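Contents: one structure, followed by commentary.
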Number of protein chains: 2
Amino acid sequence: MAPMQTSPFRTSDQRKADREEKREAVLRAAVRLFNERGFHAASLEDVAASLGISKPTIYHYLGNKDQVLFECVTRGVDQLRDAADAAKALPGTGLDRLRSFLRCYSEIIMDDFGRCVIRTADEALTHESSARFRALKREIDDAMRELLEAGIADGSIAPLDVRLTSFTLAGALNWPARWHRADGKSRPEDVAAKMVDILTGGLAPR
Amino acid sequence: MAPMQTSPFRTSDQRKADREEKREAVLRAAVRLFNERGFHAASLEDVAASLGISKPTIYHYLGNKDQVLFECVTRGVDQLRDAADAAKALPGTGLDRLRSFLRCYSEIIMDDFGRCVIRTADEALTHESSARFRALKREIDDAMRELLEAGIADGSIAPLDVRLTSFTLAGALNWPARWHRADGKSRPEDVAAKMVDILTGGLAPR
DNA sequence: TCAATAATTTACCCGTCAGCATATTGCTTG
DNA sequence: CAAGCAATATGCTGACGGGTAAATTATTGA
């Protein structure tokens, strides 16, 4: 049962929650610094300093630098996968579902963990992590291709080269990871919506 | 006057040409390794080893690592600027000129120096070089916007948000710097042509 | 109250790499 | 042929960052 009043003595699951919260804070601080300065330029000491703790504490919660980065990109890819699953379950034409996915995709890429997925070069990770990372990204690409193929099948999308179209769309939507600033004036939803309109509609006047 | 037969003794401008050739070889080796392993992972010693020379020779021809990288990206940006100038001088509608530029742009990005422009994060360079690099990239973006505006003015392109459209197109065409392999089966010209068709035409069936 | 365990720090080791100071070779020119 | 300069190599160093062991402090549970 819950204590009547807040006590300075934590129960065992409060302690577990505390630990999780700290772990989360470390991860958040890490991904912010990785994105801001680049993985190599951001030392674990910098990350620790940004939280007012010391380097070994990071090792305590997350392990070595490779594991920290891998967890960051995994978070990002998970968000993208969720978006793909949600889009697949939507009603409407294949094009409708694809557009919905692309908008979510783009917004995730402008967020901390999504940005990290794009800004992280494979070479930054160890051989094993890099292979797992590529596999995860491959899943997202497969989902994008599935959505494209569904649209082509129901006639809402032209019969394009699926592989290349997928790369083209992803490339365009990934780019904000490099130029978009969270503190800027353009809101992620607006950017996402406009980009998707440009990509699906083309440049020609109607 | 030119020597009657090839002699082991070089004239002074032969020597100058030799030097230029070596400088060029070093730069080429550097950009290849930077692209393959990433700037940080590629040490100057690796670059030297790939040519069978020693590290100080690189300093002799190109200066410190920052200068080497800056020269690589400058080469790439120069190619892009030339392509923009050439496209502007072409006949046809604004859309025609833009499409021509986009195809060239894309092919350059699949080449050594162009790839390096995209794969090089600003943080890799010193403060000064980074600022100059951003200025150079800004020129290319301006050229892209000019071409877009010309197309909008003559009615061959819909009245879109120029800034965002420019980013969208560039993002899509930059992405092959990350996935395209020079030794693969898809030829850069084909990839470029198809991507430009997708981008200008959109996804809808006609 | 005391032992056990978790959280966190301090201090250190080790490898790597950019950059340089110094040799050495060999071509070129007066 | 001598003097000098260009090209290249060897070897050093100083900084920095990842990673860890051991010491310290807080927290729980018996």
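What you see is a predicted model, and the numbers here were worked out from it, not measured in a lab. Protein chains get the first letters and strands the later ones, always in sequence-line order, with residue 1 at the start of each.
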To the side chain of [X], which of [options] is closest?
{"X": "B:Ser54", "options": "C:dC17, C:dT9, D:dT10", "result": "D:dT10"}
{"X": "A:Leu44", "options": "C:dA18, D:dG18, D:dT8", "result": "D:dG18"}
{"X": "B:Pro56", "options": "D:dT8, D:dT10, D:dT20", "result": "D:dT10"}
{"X": "B:Lys55", "options": "D:dG18, D:dA9, C:dA18", "result": "C:dA18"}

Can you tell me if [atom1] on [X] sees more than 12 non-hydrogen neighbours from other groups inside 6.0 Å?
{"X": "A:Lys194", "atom1": "NZ", "answer": "no"}
{"X": "A:Arg132", "atom1": "CZ", "answer": "no"}
{"X": "B:Arg145", "atom1": "CZ", "answer": "yes"}

N or O in side chain of [X] less than 4.0 angstrom from [N] OP1/OP2:
{"X": "B:His60", "N": "D:dT8", "result": "no"}
{"X": "B:Thr57", "N": "D:dT8", "result": "no"}
{"X": "B:Tyr61", "N": "D:dT8", "result": "yes"}
{"X": "A:Lys22", "N": "C:dT8", "result": "yes"}

May I ask you to decide if the ring planes of B:His40 and A:His40 are parallel, tilted or perpendicular, using 30° and 60° as cut-offs?
-> tilted

Could you tell me the separation between the [atom1] atom of [X] and the [atom2] atom of [N], rounded to a whole number of Å?
{"X": "A:Leu51", "N": "C:dT9", "atom1": "CG", "atom2": "P", "result": "11 Å"}
{"X": "B:Leu125", "N": "C:dA18", "atom1": "CG", "atom2": "P", "result": "14 Å"}
{"X": "B:Ile58", "N": "C:dC20", "atom1": "CD1", "atom2": "C1'", "result": "15 Å"}
{"X": "A:Lys65", "N": "D:dC16", "atom1": "NZ", "atom2": "C1'", "result": "11 Å"}
{"X": "B:Tyr59", "N": "C:dT22", "atom1": "OH", "atom2": "C1'", "result": "16 Å"}
{"X": "B:Arg23", "N": "D:dT8", "atom1": "CZ", "atom2": "C1'", "result": "17 Å"}
{"X": "B:Asn64", "N": "C:dA18", "atom1": "CG", "atom2": "P", "result": "10 Å"}
{"X": "B:Phe70", "N": "C:dA18", "atom1": "CZ", "atom2": "C1'", "result": "20 Å"}

If you take all heavy atoms of B:Asp141 and B:Phe167, which pair is closest and at what distance?
-> OD2-CE2, 4.0 Å

